[in-house]
Amino acid sequence: MTTHQLHTLHERSFEDYRFVYPVLSRRSRGISVGVNLNPDKVCNFDCIYCQVDRTSQSETQFVELDALVAELREVLAFVKSGEIYESSKFRETPAELRRFNDIAFSGDGEPTTYRNFDTIISTCADLKRELGLDDVKMVLITNASMFHRPHVERGLAILDANQGEIWAKLDAGTSEYYHKIERTSIPFERILKNITAAARVRPLVIQSLFMRVAGEGPSQRELVAYCDRLGEIVAAGGEIRLVQVYTVARRPAEDFVAPLADTDVDAIAQLVQERVGLPTAAFYGTSCP
């Protein structure tokens with residue numbers, strides 16, 4: 001999918017709201033209302049391509065549930081009414097992208113590290129139902145590191161019952177490349193086990209971001225290993241609904257990270273189709289000023 005200029009504007013703030021922010025999402029192909037469960041910018045990954053500025057401290061350190069729900073109620077009504085397209089930020093939204101796709105749990109860190117994750121998912125599901133937004137999905141954008149924790153398992157089950165989708169990050173095929181990109185102490189094996197276990201319960205969307213690091217894209221060996229990991233998840237009984245192959249579209253954390261060319265993104269998507277037989281969607285990048 002071609003990247004529109006609005007796709008690059010993913011500030012996790014909107015007007016005076018602290019926890020909720022609407023964006024035009026390239027992967028959702030419409031408006032996504034983000035819920036930031038990590039305003040303190042705490043994350044158990046430190047991805048080299050992340051656009052969150054962790055050198056500065058956020059003004060908001062804790063999630064205030066009542067305030068979050070009040071903000072979400074207002075923003076959902078703002079989007080549902082279409083008033084959002086009268087605002088200066090969203091006035092240029094193309095007609096074909098003027099659709100309300102989802103409520104996305106993402107933000108400035110890993111959302112499943114939030115200790116009351118299951119409670120917030122349940123509360124937001126109740127609000128969505130109250131406002132008659134049955135066609136609006138709930139999307140969890142996650143690195144899958146916490147799927148084995150009981151409060152997260154409960155939250156995933158609530159998502160399953162409320163038009164939920166789980167988008168699990170898998171950016172590598174080998175442990176070496178995984179640690180190079182994600183810069184975390186969490187073992188690669190834990191991520192693979194968690195994704196496999198979750199995919200046995202419900203179909204997952206796999207989100208895979210590839211990039212040039214110091215001028216070099218991922219090696220063919222790494223990409224083949226990545227396809228092998230996808231194949232192992234499927235062979236173990238996991239269901240993968242879609243593989244999102246994408247690249248950098250906003251300024252990354254490190255200046256040695258740059259987007260792949262569109263043709264490179266297409267080649268990776270084609271490799272996944274040929275080696276694993278999974279459906280893919282390609283999303284392209286932009287130059288990063």
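Quick caveat: nothing in here was measured; it's all calculated off a predicted structure.
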Side-chain donor or acceptor of Arg91 paired with backbone N/O of Glu86 under 3.5 Å: yes
Between Thr142 and Glu110: side-chain donor-acceptor atoms closer than 3.5 Å: yes
Distance-only side-chain donor-acceptor flag, Asp171 / Tyr49, under 3.5 Å: yes
Heavy-atom side-chain contact between Leu170 and Tyr226 under 4.5 Å: yes
Flag, side chain of Asn162 to backbone of Ile158, donor-acceptor distance under 3.5 Å: yes
Heavy-atom donor-acceptor pair, Gln51 side chain to Pro252 backbone, under 3.5 Å: no
Sequence neighbours excluded, every pair satisfying salt bridge (Lys or Arg N to Asp or Glu O under 4.0 Å) that has a member inside residues 184-206: Asp160-Arg202
Check ion pair Lys128-Asp126 (N to O, under 4.0 angstrom): no
Asp46-Thr184 side chain donor-acceptor pair, cut-off 3.5 Å: no
Test of ring centre spacing under 6.0 Å for Phe105 and Phe117: no
Lys137 side chain near Ile103 side chain, heavy-atom distance below 4.5 Å: no
Salt bridge (charged side-chain N to carboxylate O under 4.0 Å, His left out) involving Asp228 - partner list, sequence neighbours excluded: Arg275
Side chain Ser25, main chain Gly30, donor-acceptor under 3.5 Å: no
Hphob cluster co-occupancy, Phe188 + Phe210, side-chain heavy atoms under 4.5 angstrom: yes
All salt bridge (charged side-chain N to carboxylate O under 4.0 Å, His left out) counterparts of Arg212, not counting sequence neighbours: none
Expected output: side-chain Glu165 to main-chain Val139 donor-acceptor under 3.5 Å: no
Any donor-acceptor pair under 3.5 Å from Gln207 side chain to Trp167 backbone: yes
Minimum side-chain heavy-atom gap Met211-Ile181 below 4.5 Å: yes
